[in-house]
Amino acid sequence: MSKRNALIGAVLVVIAVVALIVLSGGEDDNDKVTDNGNAAGIEVGAGDNAGKDGNPVKKKPPVTNPPVPTIVIGSDGKPEGGVAELVVDKGETVRFKVESAVADHVHVHGYDLMKDLEPGATVSFEFPASIEGIFEAELEDRAEQILELRVEP
Ligand SMILES: [Cu+2]
């Protein structure tokens with residue numbers, strides 16, 4: 001009985017050791033492969049999500065700046081949706097962008113600012129609303145009004 005038990009015990013130990021070696025060897029290989037795969041996947045995914053969720057989408061619109069309006073000029077040289085309207089208080093900052101399918105020049109009357117438009121490109125305006133009144137911005141070559149800017153006291 002005791003010899004048999006000892007033999008069984010020895011056999012079990014050997015099996016256990018072999019199993020451990022085989023399993024641990026296998027696990028090591030698997031771990032390396034899966035860890036690398038998982039780590040890369042998790043890190044990339046988490047990084048993307050953190051960037052998308054954290055900075056631009058959730059935090060910026062309410063806290064920092066209101067979204068900058070973009071006037072889109074179609075291939076017909078006219079503003080999509082008609083002439084844009086922008087109302088700001090005097091002393092605030094006027095901000096808008098113009099995205100154009102055609103070449104022209106944006107002229108902001110009153111403030112007398114002019115920027116070139118190139119097809120497919122976007123230009124940004126940012127200037128202090130220092131003059132009260134109602135002003136138009138137009139595509140200079142086409143004499144096409146694209147914006148009515150109202151600066152209120
Ligand atoms: Cu003009």
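Counting starts at 1 for both ligands and their atoms, following the listed order.
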Which class fits the ring pair Tyr111 and Phe127: parallel under 30°, tilted 30 to 60°, perpendicular over 60°?
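Aromatic pair Tyr111/Phe127 classed tilted.
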Close aromatic pair by centroid cut-off 6.0 Å: His105 and His107
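No, the ring centres sit 6.0 Å or more apart.
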Which value, rounded to the nearest 0.5 Å, describes the distance between Leu147 atom CG and Phe135 atom CZ?
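The distance works out to 11.5 Å.
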For Asp76, enumerate each residue passing the side-chain hydrogen bond (donor to acceptor under 3.5 Å, both in side chains) test, keeping only those at least two apart in sequence or located in another chain.
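side-chain hydrogen bond (donor to acceptor under 3.5 Å, both in side chains) check on Asp76 returns nothing, list empty.
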Within-2.8 Å protein N/O/S contacts of the Cu ion (ligand 1):
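Less than 2.8 Å away from the Cu ion (ligand 1) sit His107 ND1, His109 NE2, Glu138 OE2, Glu140 OE1.
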Salt bridge (Lys or Arg N to Asp or Glu O under 4.0 Å) test vs Asp104 passes for just one of Lys78, Lys115, Arg142, namely Arg142
Inspect the contact between Glu99 and Lys97 and indicate whether a charged nitrogen and a carboxylate oxygen are less than 4.0 angstrom apart.
no
